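Chain naming here is simple, since letters A, B, ... match the order of the sequence lines and numbering starts at 1 in each. The basis for the numbers below is simple: all heavy atoms, side chains too, and nothing from hydrogens, waters or symmetry mates. Nothing here was measured: the structure is a model prediction, and the numbers come from that model.
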Protein chains: 2
Amino acid sequence: MADASASQVLGGESLLYLTDEQLRQGIEAMFFAYRGFTADPDRILQGLSYGRAHHRAIHFIHCAPGTTVNNLLNILGVTKQSLNRVLRTLVEDGLVESRIGRADKRERHLYLTEAGDALEKQLSDAQRARMRSAYRQVGPEAVAGFKQVLEAMMDPEMQRQYQRLRENRG
Amino acid sequence: MADASASQVLGGESLLYLTDEQLRQGIEAMFFAYRGFTADPDRILQGLSYGRAHHRAIHFIHCAPGTTVNNLLNILGVTKQSLNRVLRTLVEDGLVESRIGRADKRERHLYLTEAGDALEKQLSDAQRARMRSAYRQVGPEAVAGFKQVLEAMMDPEMQRQYQRLRENRG
DNA sequence: ATTGGAATGTCAACAACGCTGACTTAAAGT
DNA sequence: ACTTTAAGTCAGCGTTGTTGACATTCCAAT
């Protein structure tokens, strides 16, 4: 069955890259690469009583300062209880500031403090270093393909979130 | 600093793809894409009292039938206690068979039962469907770039594991 | 043959981080 | 006034990772 779909030719283009074996390779590559992707921040966070959830919150608050809790909830795709637990510790520890909204006083707008910014920089420097090294090894064309595949793998809703974040930064 | 490294030109090739903003985009793409990557199997597993750890174990036992516990440990990168908990439930539920090694009776060789194979197929069909759709949308060149970047992101040890798995399947 | 080490399994405890459900407070909209 | 929305809180649970301690079994070397 796998070879049946793979041996088709569409407009003269080989579809060998769609075999089950090729797909399996991609799946395993995602698994191993994600491990590397999170390894450096994880190392920094371990022992700080923080984890990946804190890293993600810090990352997106840094990218969109003043974002509301609800907005962050949508981006991260977790429950408010789960996010709240993380935010509470970050506020208690003085890494995140939660300001009551001016227009809508129900909303809390989230900002990183100086200490929060410092940790964000430490974490993202480590993560970017690995990405930069990978990008440099393979060149711009491969990177373009990399992003295309990742975007195509996302759920449509996440695709929109992803594009919105990009637009907000120009 | 970001622009300083980005505005360098090496052999006439633009390095604009190495800006911090480009790297940040890649980081967010990995985050959102991994969510999509695991979404379909997660949906199947929820309610079965199984999780991602069970999926991963099943995947790699399927790919390398007869693999030892220690080998699986290295591939998955977790502690033996963590893996053992997962394997125990899979053996109890009749999805995995654990055979004592003939040459070295300390080793346990792991195999999927028929039921295990059925679940593996269900999970990997769902995951491959998403990969196939993404691959098809972007074409073979983008897929090649995708794999190159992922491989470059892995820790060296994981790179070796990844290549070994590929070689064992031709 | 005994000893040392390796592979495996098991028990207990703990932490991170998802989840659900129920409930409160406050403010906005109608 | 009434409903809805945003946020926070509490309690409990499940999965999956961690350490530490310990038992068993077997291979290999002394």
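- The distance from atom CG of Leu73(A) to atom P of dT5(D) is 15 Å, rounded to the nearest whole Å.
- Residue pairs meeting the side-chain hydrogen bond (donor to acceptor under 3.5 Å, both in side chains) criterion with at least one member in residues 107-117 of chain A, sequence neighbours excluded: His62(A)-Asp117(A).
- Taking side-chain N and O atoms only, Asn84(A) has no distance below 4.0 Å to OP1 or OP2 of dA7(D).
- Annotation: the span from Met153(B) atom CE to Met30(B) atom CE amounts to 3.5 Å, rounded to 0.5 Å.
- Using cut-offs of 30° and 60° on the angle between ring planes, the pair His59(B) and His55(B) is perpendicular.
- You'll find the ring centres of Phe31(A) and Phe60(B) inside the 6.0 Å limit.
- Taking the 5' to 3' direction, DNA chain C first and last meets chain A under 4.0 angstrom from a heavy atom at dA16(C) to dA28(C).
- Within 6.0 Å of CZ on Arg102(B) lie no more than 12 heavy atoms contributed by other residues, nucleotides or ligands.
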Exercise. Mark up nucleotides 13-18 of chain D, 5' to 3', with B wherever a protein heavy atom is under 4.0 angstrom from a base atom, S wherever such an atom reaches only the sugar-phosphate, and - elsewhere.
Key: --SBBB
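- Under the rule for a side chain to side chain contact (heavy atoms under 4.5 Å, CB included), the partners of Arg166(A) that lie at least two apart in sequence or sit in another chain are Glu151(A), Tyr162(A), Gln163(A), Gln25(B).
- Among Arg128(B), Lys121(B), Gln127(B), the one residue that satisfies the side-chain hydrogen bond (donor to acceptor under 3.5 Å, both in side chains) test with Ser124(B) is Arg128(B).
- Proximity of Arg88(A) to the phosphate of dT9(D): a side-chain N or O atom is located under 4.0 Å from OP1 or OP2.
- Remark: Glu157(B) pairs with no residue by the side-chain hydrogen bond (donor to acceptor under 3.5 Å, both in side chains) rule, at least two apart or across chains.
- At its two ends the helix from dA1(C)-dT30(D) to dT30(C)-dA1(D) runs along axes set 20° apart, each axis drawn from five pairs and the angle rounded to 10°.
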Practice problem: Could you run through nucleotides 24-30 of chain D and give me one letter per nucleotide, 5' to 3': B if any protein heavy atom sits under 4.0 Å from the base, S if only the sugar-phosphate is that close, - if neither? | Solution: -BBS---
Do any side-chain atoms of residues 42-49 of chain B form donor-acceptor pairs under 3.5 angstrom with protein atoms, and if so which ones, sequence neighbours left out?
from, atom 1, to, atom 2, distance (Å)
Asp42(B), OD1, Arg52(B), NE, 3.4
Asp42(B), OD2, Arg52(B), NE, 3.1
Asp42(B), OD2, Arg52(B), NH2, 2.9
Arg43(B), NH2, Asp40(B), OD1, 2.7

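- Gln122(B) meets the side-chain hydrogen bond (donor to acceptor under 3.5 Å, both in side chains) test with no other residue; sequence neighbours excluded.
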What donor-acceptor contacts under 3.5 angstrom involve side-chain atoms of residues 64-73 of chain B, with partners at least two apart or in another chain?
from, atom 1, to, atom 2, distance (Å)
Thr67(B), OG1, Asn71(B), ND2, 2.7
Thr68(B), OG1, Asn71(B), N, 3.2

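- Not counting sequence neighbours, the partners of Tyr50(A) by the side-chain hydrogen bond (donor to acceptor under 3.5 Å, both in side chains) test are Asp93(A).
- Screening residues 72-91 of chain B for side-chain hydrogen bond (donor to acceptor under 3.5 Å, both in side chains), with sequence neighbours left out, gives His54(B)-Thr89(B).
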